[in-house]
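Notes for the one structure printed next.
Order of listing sets the numbers, starting from 1, for every ligand and every atom in it.
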Amino acid sequence: MPYLEIRKLEKKYKDFTLSASFGVDEGEFLCIIGPSGSGKSTLLSLIAGLDKPDGGTITLDGKDITGEKIQSRGIGMVFQDFTLFPSMNVERNIQFGMKEKKAERKKISDALLKLVGLEGYARRSVSSLSGGEAQRVQLARAIAAKPRILLLDEPLSALDAPLRKSIRSSIRAIHDTLGITMLYVTHDREEAFSISDSILIMHEGKTVAMGTAEELYRHPADLFTAFFTGEGTSLPAHLVFENSDGSIFFRPENAVISEENINPAMYPMHVIFNDAEILSCEFCGSAYMLGLQYQGYPILCQSTTKPRKKTVSVMILRESILSLS
Ligand code: ADP
């Protein structure tokens with residue numbers, strides 16, 4: 001049984017129904033991604049106990065906690081909005097809620113400040129902190145309560161990009177040092193790819209896919225997951241395989257470009273699109289991203305060189321083409 005098990009969890013609002021099932025192992029770093037409004041925050045609120053589900057169960061470490069009070073769940077939370085007590089200094093914010101003796105509390109909060117990279121900040125007033133520092137203090141305070149699980153809801157979305165990158169690395173490092181199970185909501189795919197052990201994808205209130213970043217990228221089970229985890233091309237299957245329904249999908253890096261027409265009979269292992277018109281050509285550092293049009297359908301592919309003609313041929317290894325719906 002997983003450490004945290006969410007089984008048929010349901011929450012109904014007027015125009016929205018959440019329905020979630022998944023499991024998280026002890027010590028796992030799970031990122032939850034999905035479009036805005038897909039139910040990520042609702043799911044965290046239900047797990048934390050801030051909200052009551054209409055059905056289903058939440059089991060933590062073998063115990064059903066679905067009806068348990070917030071305080072007795074042992075779940076810590078870090079949110080996007082800074083929720084520190086402005087009248088207390090950094091140290092007292094971190095020590096708030098700790099049950100240890102005074103000297104011990106001091107030792108722990110000093111160690112936590114070091115862990116989050118804020119050594120020497122103990123006596124600073126909360127109002128003097130930058131956004132990134134305040135988020136680090138929030139993190140230290142949440143960890144101080146020794147949670148069994150830490151929930152983080154877009155904790156870095158108010159910060160600028162370089163700071164987000166540096167703090168997210170610290171969060172992952174803290175996870176690895178302490179081994180705390182973490183559920184981290186983000187709308188940023190790159191962030192989820194870089195810090196997670198596994199990723200849960202939500203769509204219209206449902207948990208639709210779960211796996212490592214690489215599994216979801218290379219073997220998405222449906223078109224939504226395919227496009228949510230990266231760029232690609234989806235075409236009607238009949239364009240490629242006779243009498244086929246549904247769609248095919250491939251990633252831009254799996255397409256090879258030729259400036260000459262290709263004879264399909266010479267390449268039985270490949271699917272060939274000759275005379276694809278180039279609509280756009282963008283340099284993106286490691287390659288050019290070409291936006292093509294083939295028989296009225298858009299195709300996206302990568303090319304190491306910039307094509308000189310207005311049309312190109314595209315060849316894709318059959319085994320890197322997925323049939324999805
Ligand atoms: P996400 O975090 O993925 O952006 P949310 O969980 O915040 O999505 O919201 C999912 C849906 O649930 C939205 O349509 C939102 O309007 C609705 N919702 C969330 N909380 C409430 C509430 N307290 N009352 C009514 N609708 C709500």
Next item on the list: Give the protein residues with at least one non-hydrogen atom closer than 4.0 Å to an atom of ligand 1, ordered by chain and number.
Entry: Tyr13, Phe16, Pro35, Ser36, Gly37, Ser38, Gly39, Lys40, Ser41, Thr42
Check: According to the interplanar angle, ranging from 0 to 90°, do the rings of Phe283 and Tyr288 count as parallel (below 30°), tilted (30 to 60°) or perpendicular (above 60°)?
Finding: tilted
Note to self: Just to verify, what does Lys69 make a salt bridge (charged side-chain N to carboxylate O under 4.0 Å, His left out) with, not counting sequence neighbours?
What the structure shows: none
Margin query: Any salt bridge linking Glu277 with Lys310? Criterion: basic side-chain nitrogen under 4.0 Å from a carboxylate oxygen.
Written below: no
Check: Ser127 and Ser125: side-chain donor and acceptor closer than 3.5 Å?
Finding: yes
Next item on the list: Anything under 30° is parallel, anything over 60° is perpendicular, the rest tilted; go ahead and classify Tyr217 against Phe193.
Entry: perpendicular
Next item on the list: Please determine which of Arg73, Arg148, Lys63 meets the salt bridge (Lys or Arg N to Asp or Glu O under 4.0 Å) test together with Glu68.
Entry: Lys63
